[in-house]
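Quick one: structure below, then a few questions.
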Amino acid sequence: MLAEVLIFVPSIARFRLDYLQLRLEKAQIASLSLDANAGMIPAELEQELLANAGVFNVVLRRDEVRQLVLSSAIPEPVSATYDLRMAGPYELIRDAMVTLFDPKEQIIRIIGQPVQDAGLLIEITLKQSPLRREMLDYGLRILILSALISVITAAMLFFAVRGLMVVPIRRVVRHMQAYAAAPEDARLVITPTARVVELRDAEAALAQMQTELIAALRQKERLAQLGGAVAKISHDLRNILTSAQLFADRIEQSADPGVARAVPKLVTSISRAVNLCEATLAFGKAEEHPPRLSRFALRPLLEEVAEGEGLSPGSEPSCLIDAAPGLMIRADDEQLHRVLANLVRNARQAIEATGRSGTIELSAGEGEQDWWIRVGDTGPGLPPKAREHLFMAFQGAARKGGSGLGLAISAELIRGHGGRLDLLRSDEDGTEFLIHLPKSGGLDLSAPEAAV
């Protein structure tokens, strides 16, 4: 619309100027015809010349003399005078708008420069209504032409956008839908073909993501198959080792001193192998139920965990509990017991392995958003390799003979509560773990027990 205004306004002003210039030229030609015949033109012919020029009278100024060359009766007084000799673009546009929006019948005077230097000026009077009708007709033609150009431009823009944007986007959507139906089919990976740079980049990113996802799915499937095979092997191996353990127990009763010395090591090795098989089977089943949340006092649970590991303030290593007796939390007490027991057992074994005395501390508290439980010890700290793969199954073992499943399972159980298990520090002064349990997370923790 702005372009239409910028085009229409100057063009309608130009049309008015050309219309008036043409009337001036026709009036000058009529006046020259009269001069050429020395005033011998009949009155009827003079009126015909004025009608052909579309004016009422013609005035020429030559040699400072103003001469009425052609004249006829003017139906009403002149209402406005326009001098075209000094009119600039602003004046021409202003006068054109006044003419276009003024429907009244009126007589106007036009002053212009004669062509071919036929005088100082030429002056005519004429009706404004024919000029206005011509301007309206011209404006209508401009409007129709502009509408036609707009329709053609819109159609071209529509097909351009459709070809450059809509069609490629639909193609991407179809590829995504087809890939979602069969994410492991490598034939459905999109091939970038868009001509728009941004869309081509999007297609390339989608193709890379699909390729990486296919590889990840294939790896996941292979790992699942490998896990199934390992579980079967572990099951059979556990049965074999159980039988070997029974025979080892019988051999242990032998009176041979050499056998008596070797059997404990054999039993220990077989027990470790059996434990590893059982831990592998338990981890592979992944049958942990969702946490059954209930409110309970935390301190008795901490004391129960310590007693289960044979720890007390006077034991070796000693165990200190720092938790308010009235501290109530909401969690699955069985799963939390397993997590704390695993952390405390690891701490006890780490201290005992050094052959020195040590302390295990269990502390707890609460903030505005969560409850926290800290398990710390004064042991030797975790090995660097264990810290790198701490919560990864079979890789985060902190001691020789460990399976590396305890911390992985513990972290999984805490994540099931919507919380997290973090390693605060591990150095030569000891190790500290911190458990965060959220007070909310899809559950109304202020609701009574029955609501949960």
Side-chain angles (χ1 to χ4, degrees), residues 248 252 257 260-276 278-279 298-325 327 336-365 372-411 413-414 420-436:
E252 191 175 9
R261 287 194 301 270
V263 167
K265 297 179 180 180
L266 176 61
V267 172
T268 301
S269 299
I270 294 177
S271 298
R272 287 177 179 175
V274 171
N275 292 335
L276 177 59
E278 291 178 347
L298 179 60
R299 186 179 180 91
L301 179 66
L302 298 178
E303 293 174 349
E304 181 181 348
V305 171
E307 292 175 1
E309 294 297 323
L311 300 175
S312 66
S315 64
E316 187 58 46
S318 62
C319 180
L320 303 178
I321 298 178
D322 181 14
L327 178 60
L336 187 58
H337 185 283
R338 290 170 56 189
V339 173
L340 292 173
N342 180 72
L343 295 176
V344 171
R345 186 180 305 113
N346 288 346
R348 178 178 59 78
Q349 292 173 349
I351 294 175
E352 290 175 348
T354 62
R356 302 192 302 268
S357 61
T359 302
I360 300 174
E361 182 180 357
L362 302 178
S363 58
W372 57 267
I373 306 173
R374 188 177 67 88
V375 180
D377 65 66
T378 59
L382 296 172
K385 183 178 180 181
R387 289 198 296 267
E388 293 177 3
H389 308 284
L390 191 59
F391 300 111
M392 298 178 64
F394 302 107
Q395 299 184 41
R399 61 183 176 83
K400 184 177 180 181
S403 64
L405 288 174
L407 288 177
I409 296 175
S410 298
L413 293 176
I414 296 300
R420 67 181 190 275
L421 173 61
D422 297 329
L423 175 65
L424 289 185
R425 68 175 182 86
S426 183
D427 49 36
E428 64 276 4
D429 295 328
T431 301
E432 289 186 10
F433 285 92
L434 186 63
I435 299 173
H436 291 275

Quiz item: Are the side chains of I409 and R338 in touch, meaning some heavy atoms are under 4.5 Å apart?
Solution: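 Side chain of I409 against side chain of R338, heavy atoms only: contact under 4.5 Å found.
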Quiz prompt | Set of residues satisfying side-chain contact (heavy atoms from CB on, under 4.5 Å) with respect to S318, sequence neighbours excluded | solution =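 Testing S318 for side-chain contact (heavy atoms from CB on, under 4.5 Å), a comparison that skips the adjacent residues, returns T359.
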Quiz item: Considering all heavy atoms of both residues, which atom of G358 and which atom of T378 are nearest to each other, and what is their separation?
Solution: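 Heavy-atom minimum between the residues: CA-OG1, 3.3 Å.
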Exercise. Determine the sole option in V375, D377, L343 for which the side-chain contact (heavy atoms from CB on, under 4.5 Å) test with T431 is passed.
Key: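 Answer after filtering V375, D377, L343: D377.
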Quiz item: Do you know which two heavy atoms are closest between L311 and C319, and how far apart they sit?
Solution: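 Looks like CB-CB, 3.6 Å.
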Practice problem: Locate the shortest heavy-atom distance separating A306 from I321; write the atom from each residue and the value. | Solution: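 Looking at all heavy atoms of both residues, the closest pair is CB-CD1, 4.4 Å.
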Self-check item: Those residues that, when tested against L424, pass side-chain contact (heavy atoms from CB on, under 4.5 Å) (two or more places apart)
Solution: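 Testing L424 for side-chain contact (heavy atoms from CB on, under 4.5 Å), a comparison that skips the adjacent residues, returns R374, E432, L434.
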Quiz item: Sequence neighbours excluded, which residues qualify as side-chain contact (heavy atoms from CB on, under 4.5 Å) partners of E352?
Solution: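 With neighbours one apart ignored, the set is P317, R348.
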Quiz item: Residues in side-chain contact (heavy atoms from CB on, under 4.5 Å) with E304, at least two apart?
Solution: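 Residues passing side-chain contact (heavy atoms from CB on, under 4.5 Å) with E304: L301, H337.
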Quiz item: Looking at side-chain heavy atoms only, is the closest gap between L298 and L336 below 4.5 Å?
Solution: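 Of all side-chain heavy-atom pairs linking L336 with L298, at least one is under 4.5 Å.
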Quiz item: Nearest heavy-atom pair of L421 and A411: which atoms, and what distance?
Solution: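 That closest heavy-atom pairing would be CD2-N, 4.0 Å.
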Practice problem: Count the heavy atoms belonging to other residues, nucleotides or ligands that lie under 6.0 Å from CZ of R425, then report whether that count exceeds 12. | Solution: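 Correct, the count exceeds 12.
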Exercise. Report yes if the side chains of I373 and L362 come closer than 4.5 Å at any heavy-atom pair, otherwise no.
Key: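 Not touching, per the 4.5 Å side-chain cut-off.
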Quiz item: Listed by chain and number, what are the salt bridge (charged side-chain N to carboxylate O under 4.0 Å, His left out) partners of D422, not counting sequence neighbours?
Solution: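 In terms of salt bridge (charged side-chain N to carboxylate O under 4.0 Å, His left out), with neighbours along the sequence ignored, D422 is linked to R420.
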Quiz item: Is there a side-chain contact between N346 and F433, using heavy atoms and a 4.5 Å cut-off?
Solution: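 Sidechains of F433 and N346: no contact.
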Exercise. Not counting sequence neighbours, which residues clear side chain to side chain donor-acceptor pair (under 3.5 Å) with E303? List them please.
Key: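 Listed in chain order: R299.
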